[in-house]
Amino acid sequence: MESIDGDTGDIPEPDVQDVRTIPRDVLMEMIARLPDSRRMVFNMYCIDGIPHKEIARMMGITEGASTSMLTKAKKTLAAEINDYLRKHQ
């Protein structure tokens with residue numbers, strides 16, 4: 001299990017097999033709760049496969065800002081997923 005480094009400490013990434021047990025609508029709800037800019041970067045990078053350079057151009061931000069937003073989005077999602085898994089397993 002890898003961890004996501006952030007300003008609030010390391011949050012372990014949930015195991016892929018465990019994530020697959022979470023209903024799709026629950027995962028989509030977690031993504032929908034992300035702040036707008038983080039959700040946009042997450043969707044463009046992780047779902048659409050758009051590189052940070054292109055995301056930065058499209059959003060009018062730097063590549064570093066795109067990378068930072070993605071890291072924060074992943075950290076938030078990892079925490080929510082871990083919490084969900086603790087409650088439902």
Side-chain angles (χ1 to χ4, degrees):
M1 191 182 302
E2 295 179 36
S3 66
I4 300 171
D5 295 325
D7 50 16
T8 60
D10 292 344
I11 297 174
E13 284 190 18
D15 184 81
V16 173
Q17 295 300 328
D18 290 337
V19 174
R20 289 184 178 149
T21 67
I22 299 173
R24 179 177 165 76
D25 61 321
V26 172
L27 288 171
M28 296 307 289
E29 187 178 303
M30 290 176 187
I31 293 169
R33 284 195 298 263
L34 291 170
D36 290 342
S37 58
R38 291 179 189 176
R39 184 178 66 251
M40 289 173 60
V41 171
F42 179 85
N43 286 337
M44 285 191 276
Y45 188 85
C46 295
I47 296 172
D48 300 329
I50 301 171
H52 285 294
K53 185 174 185 174
E54 184 66 14
I55 293 170
R57 186 191 64 72
M58 292 167 66
M59 292 182 66
I61 59 176
T62 65
E63 284 184 64
S66 177
T67 302
S68 176
M69 286 183 213
L70 178 62
T71 299
K72 290 175 182 176
K74 285 181 169 183
K75 182 173 65 169
T76 299
L77 289 172
E80 284 201 44
I81 289 168
N82 287 332
D83 186 52
Y84 178 91
L85 291 171
R86 273 192 299 276
K87 292 177 181 176
H88 294 90
Q89 288 186 342

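- Listed by first and then second residue, the salt bridge (charged side-chain N to carboxylate O under 4.0 Å, His left out) pairs involving residues 37-46 are Asp36-Arg39 (not counting sequence neighbours).
- Scanning all heavy atoms of the two residues, the minimum distance from Asp18 to Thr21 falls at O-OG1, 2.5 Å.
- With rounding to the nearest 0.5 Å, the separation of NZ in Lys74 from CZ in Phe42 is 7.5 Å.
- Checked against Tyr84 for a side chain to side chain contact (heavy atoms under 4.5 Å, CB included), the options Leu27, Val26, Val19 give a single hit: Val26.
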Passes side chain to side chain contact (heavy atoms under 4.5 Å, CB included), Cys46 versus Leu70? Steps please.
CA-CA 9 Å; Cys46 295; Leu70 178 62; 3.8 Å; yes

Working note: Asp15 + Leu85, criterion side chain to side chain contact (heavy atoms under 4.5 Å, CB included); need CA distance, chi angles, decisive distance, verdict.
CA-CA 10 Å; Asp15 184 81; Leu85 291 171; over 6 Å; no

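- Counting all heavy atoms, side chain and backbone alike, Ile81 lies closest to Pro14 at CG2-CG, 3.3 Å.
- A side-chain donor-acceptor contact under 3.5 Å links Thr76 to the backbone of Lys72.
- Atom NE2 of His52 sits about 10.5 Å away from atom CE of Met69, to the nearest 0.5 Å.
- Counting only distance, with no hydrogens or angles, the side chain of Asp83 and the backbone of Ala79 share no donor-acceptor pair below 3.5 Å.
- Residues in residues 23-32 take part in these salt bridge (charged side-chain N to carboxylate O under 4.0 Å, His left out) pairs, two or more places apart or across chains: Glu29-Arg33.
- The CD atom of Glu13 lies 10.5 Å from the CG atom of Leu77; values are rounded to the nearest 0.5 Å.
- Once rounded to the nearest 0.5 Å, the distance linking CZ of Arg57 with OG of Ser66 reads 12.5 Å.
- Across Ile55 and Ile50, no two heavy atoms sit closer than the pair CD1-O, 3.4 Å.
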Does Met58 form a side chain to side chain contact (heavy atoms under 4.5 Å, CB included) with Met40? I'd like the steps, not just the answer.
CA-CA 11 Å; Met58 292 167 66; Met40 289 173 60; over 6 Å; no

